[in-house]
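Heads up, the thing below is written out as structure tokens.
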Amino acid sequence: AQSVTQLDSHVSVSEGTPVLLRCNYSSSYSPSLFWYVQHPNKGLQLLLKYTSAATLVKGINGFEAEFKKSETSFHLTKPSAHMSDAAEYFCVVMSGSARQLTFGSGTQLTVLP
Amino acid sequence: DAMVIQNPRYQVTQFGKPVTLSCSQTLNHNVMYWYQQKSSQAPKLLFHYYDKDFNNEADTPDNFQSRRPNTSFCFLDIRSPGLGDAAMYLCATRGTSGQNEQFFGPGTRLTVL
């Protein structure tokens, strides 16, 4: 069985300051991990993915995430927040032969001017 | 650009009146998914097609049906919408030749009056 825990339902940062969105996972298999972003009334856009290559993954819009197997974590970071980063972020694990996705509950990121 | 398209973006129906949501893709992906996303929640998988093989999630209500007439198109039919079916419906696709992430459409927001 697999599960994803996003440790913060809401994160608020000031524009220009770093962003940290935390995610822990549980998986019986070697997982593939993803971060998706969803702006209001829009679909999900893939930010980045980890598929057992480099543990530090760079994504779009300056985001990156580090896979830490010992901590079962896949936290999302960005050095400097922009107003356009305000959105809902989902950490997702995919594993098993069926390649089903298991979503975290989401983190709402607010960026203050 | 290759993409996942959903029509309409906003759909209003009446309680009990059948409604069909449409998804099309230009990615030529084998797998197509339908998710239901209620307000402030993570997407919930309803069912998916692997080519023509239909896979229903165990807890998907019988009220929800799907059709995939060809590779490019997939439809979600709600036979008798209830107030609780008001949600965002997301279509996603996945290829099976190496890549494993799902590509999401922009979603259809369903309102039930």
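Residue numbers begin at 1 in each chain, while the letters A, B, ... track the order of the sequences. What you are looking at is a predicted structure, and each value in this text was computed from that prediction instead of being measured.
By the neighbour-count criterion of 12 heavy atoms within 6.0 Å, atom CG of B:Asp62 is sparsely surrounded, having that number or fewer from other residues, nucleotides or ligands. For B:Phe73, the CZ atom is loosely surrounded, since the number of other residues' heavy atoms within 6.0 Å does not exceed 12.
Between B:Tyr33 and A:Gln100, some side-chain heavy-atom pair lies under the 4.5 Å cut-off.
Hydrophobic clustering of Ile, Leu, Val, Met, Phe, Trp and Tyr side chains at less than 4.5 Å, counting indirect connections, keeps B:Phe47 apart from B:Met32. Clustering ILVMFWY residues whenever any of their side-chain heavy atoms sit less than 4.5 angstrom apart, transitively, puts A:Tyr25 in a cluster other than the one holding A:Leu56. The hydrophobic cluster containing A:Val57 does not contain A:Val92, counting ILVMFWY residues as joined when their side-chain heavy atoms lie under 4.5 angstrom apart, directly or transitively. There is a path of hydrophobic side-chain contacts, each under 4.5 Å, that joins A:Val4 to A:Leu109. Under a hydrophobic clustering in which Ile, Leu, Val, Met, Phe, Trp and Tyr are joined whenever their side-chain heavy atoms come within less than 4.5 Å, directly or via other members, B:Val31 and B:Phe104 fall into the same cluster.
Note that CZ of B:Phe103 and CD of A:Gln45 are 11.0 Å apart. Values are rounded to the nearest 0.5 Å. Note: A:Leu101 CG to B:Tyr35 OH = 4.0 Å, rounded to the nearest 0.5 Å.
Of the atoms belonging to B:Gln102, heavy atoms from both backbone and side chain fall under 4.5 Å from chain A. A:Ser9 does not touch chain B: none of its heavy atoms, backbone or side chain, sits under 4.5 Å away.
Taking each heavy atom of A:Phe90 and B:Ala42 in turn, the nearest pair found is CE2-CA, 3.6 Å.
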Derivation and outcome, side chain to side chain contact (heavy atoms under 4.5 Å, CB included), residues A:Met94 and B:Glu101: CA-CA 9 Å; A:Met94 179 174 71; B:Glu101 67 264 34; over 6 Å; no
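Interface with chain B: from residues 31-44 of chain A, residues A:Ser32, A:Phe34, A:Tyr36, A:Gln38, A:Asn41, A:Lys42, A:Gly43, A:Leu44 qualify, criterion being any non-hydrogen pair under 4.5 Å.
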